[in-house]
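Since we're looking at a predicted model, the values are computed, not measured.
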Amino acid sequence: LLHRLQIIQNTAARMIARIPKCSHITPTLVTLHWLPIKERILYKVLLMVVKAQHGLAPQYIAEMLKHKPKSHHSLRSDDLNMLAGPMSHSVTYGDRNFRNIAPIKWNKLPIDLRICDDLNTFKSLLKTYLFKVAYDNV
């Protein structure tokens, strides 16, 4: 379904920019500053994690996210705002749900994003980060 959604986004970008169907769409998406669908979904997931941490998300979302327990020894990783990941190591359809994917993607973020306290600053930094990831070779 992601591919179908990406086709729809590409078509919308072509209509807005008035470019022909045969031309490349990536430069247009960059010009419009649109994230591809996959990164846009990741943006929404990570934004929900931050909202849950700041008490701005529904309670049931916040209850799904657990912080990694601090170790008995004082470690530098205790201050990195890490989330406890899923227990499963096998790939199943359940691995795509918020409870499983949010901690994995959150823990892969750079530290400056994970420790950001301001919601608007986080949104800006996250979009910039995902934009670089998506269009790094453009």
Side-chain angles (χ1 to χ4, degrees):
L1 293 177
L2 288 178
H3 180 68
R4 290 180 182 174
L5 289 172
Q6 189 62 56
I7 290 172
I8 293 169
Q9 184 186 43
N10 293 351
T11 304
R14 287 183 203 287
M15 289 173 56
I16 289 171
R18 296 182 180 171
I19 62 170
K21 191 174 183 179
C22 61
S23 62
H24 292 285
I25 193 63
T26 305
T28 305
L29 293 174
V30 170
T31 302
L32 292 171
H33 207 64
W34 287 4
L35 289 171
I37 296 297
K38 187 177 176 183
E39 281 75 16
R40 186 162 175 75
I41 292 169
L42 183 56
Y43 175 84
K44 294 292 186 178
V45 167
L46 294 171
L47 186 60
M48 189 59 67
V49 170
V50 169
K51 286 183 177 182
Q53 290 179 344
H54 289 92
L56 301 172
Q59 186 63 32
Y60 73 94
I61 297 279
E63 290 171 358
M64 287 185 201
L65 303 172
K66 305 290 183 214
H67 282 282
K68 210 174 208 183
K70 297 205 184 261
S71 65
H72 299 293
H73 308 288
S74 180
L75 300 174
R76 287 180 291 188
S77 62
D78 288 343
D79 299 328
L80 298 180
N81 193 11
M82 304 280 280
L83 295 175
M87 297 297 184
S88 170
H89 294 289
S90 63
V91 177
T92 62
Y93 289 110
D95 290 338
R96 297 181 194 169
N97 68 27
F98 181 81
R99 181 188 315 255
N100 290 335
I101 202 68
I104 292 169
K105 297 298 184 180
W106 177 259
N107 291 341
K108 288 183 180 180
L109 284 178
I111 183 64
D112 58 327
L113 281 169
R114 280 186 278 141
I115 62 172
C116 184
D117 287 334
D118 183 53
L119 185 62
N120 290 326
T121 305
F122 177 80
K123 286 180 183 180
S124 177
L125 291 173
L126 179 61
K127 186 167 182 185
T128 302
Y129 171 74
L130 292 175
F131 198 82
K132 286 179 184 176
V133 168
Y135 300 116
D136 190 31
N137 55 1
V138 174

Which residues satisfy the side-chain contact (heavy atoms from CB on, under 4.5 Å) test with Thr31, sequence neighbours excluded?
-> none
For the atom pair CG (Leu130) and OH (Tyr135), what is the distance rounded to the nearest 0.5 Å?
-> 11.0 Å
side-chain contact (heavy atoms from CB on, under 4.5 Å) partners of Asp117, counting only residues at least two apart | none
Can you give the donor-acceptor pairs under 3.5 Å from side chains of residues 3-23 to other protein atoms, not counting sequence neighbours?
{"unit_1": "Gln6", "atom_1": "OE1", "unit_2": "Ile37", "atom_2": "N", "d": "2.9"}
{"unit_1": "Gln6", "atom_1": "NE2", "unit_2": "Gln9", "atom_2": "OE1", "d": "2.8"}
{"unit_1": "Gln6", "atom_1": "NE2", "unit_2": "Asn10", "atom_2": "OD1", "d": "3.0"}
{"unit_1": "Gln9", "atom_1": "NE2", "unit_2": "Leu35", "atom_2": "O", "d": "2.9"}
{"unit_1": "Asn10", "atom_1": "ND2", "unit_2": "Gln6", "atom_2": "O", "d": "3.4"}
{"unit_1": "Thr11", "atom_1": "OG1", "unit_2": "Ile7", "atom_2": "O", "d": "2.8"}
{"unit_1": "Arg14", "atom_1": "NH1", "unit_2": "Pro20", "atom_2": "O", "d": "3.3"}
{"unit_1": "Arg14", "atom_1": "NH1", "unit_2": "Lys21", "atom_2": "O", "d": "3.4"}
{"unit_1": "Arg14", "atom_1": "NH1", "unit_2": "Ser23", "atom_2": "O", "d": "2.8"}
{"unit_1": "Ser23", "atom_1": "OG", "unit_2": "Pro20", "atom_2": "O", "d": "2.9"}

Anything under 3.5 Å between a donor and an acceptor, one on a side chain of residues 38-46, the other on a protein residue two or more places apart or in another chain? List them.
none

Show your working on side-chain contact (heavy atoms from CB on, under 4.5 Å) between Val49 and Phe98 and close with a plain yes or no.
-> CA-CA 9 Å; Val49 170; Phe98 181 81; 4.0 Å; yes
Sequence neighbours excluded, the answer for side chain to side chain donor-acceptor pair (under 3.5 Å) partners of Thr121 is Asp118
How close do Leu113 and Trp106 get, heavy atom to heavy atom, and via which atoms?
-> O-CH2, 4.4 Å
List in chain and number order the residues that pass ring pair (Phe, Tyr, Trp, His ring centres under 6.0 Å) with His33, two or more places apart in sequence or in another chain; answer none if no residue qualifies.
-> Phe131
Taking all non-hydrogen atoms of both residues, which atom of Leu83 and which atom of Gln53 are closest, and how far apart?
-> CD2-NE2, 3.9 Å
Listed pairs under 3.5 Å, donor-acceptor, residues 55-64 side chains, sequence neighbours left out:
none

Would you mind reporting whether Leu109 and Lys105 have side-chain heavy atoms less than 4.5 Å apart?
-> no
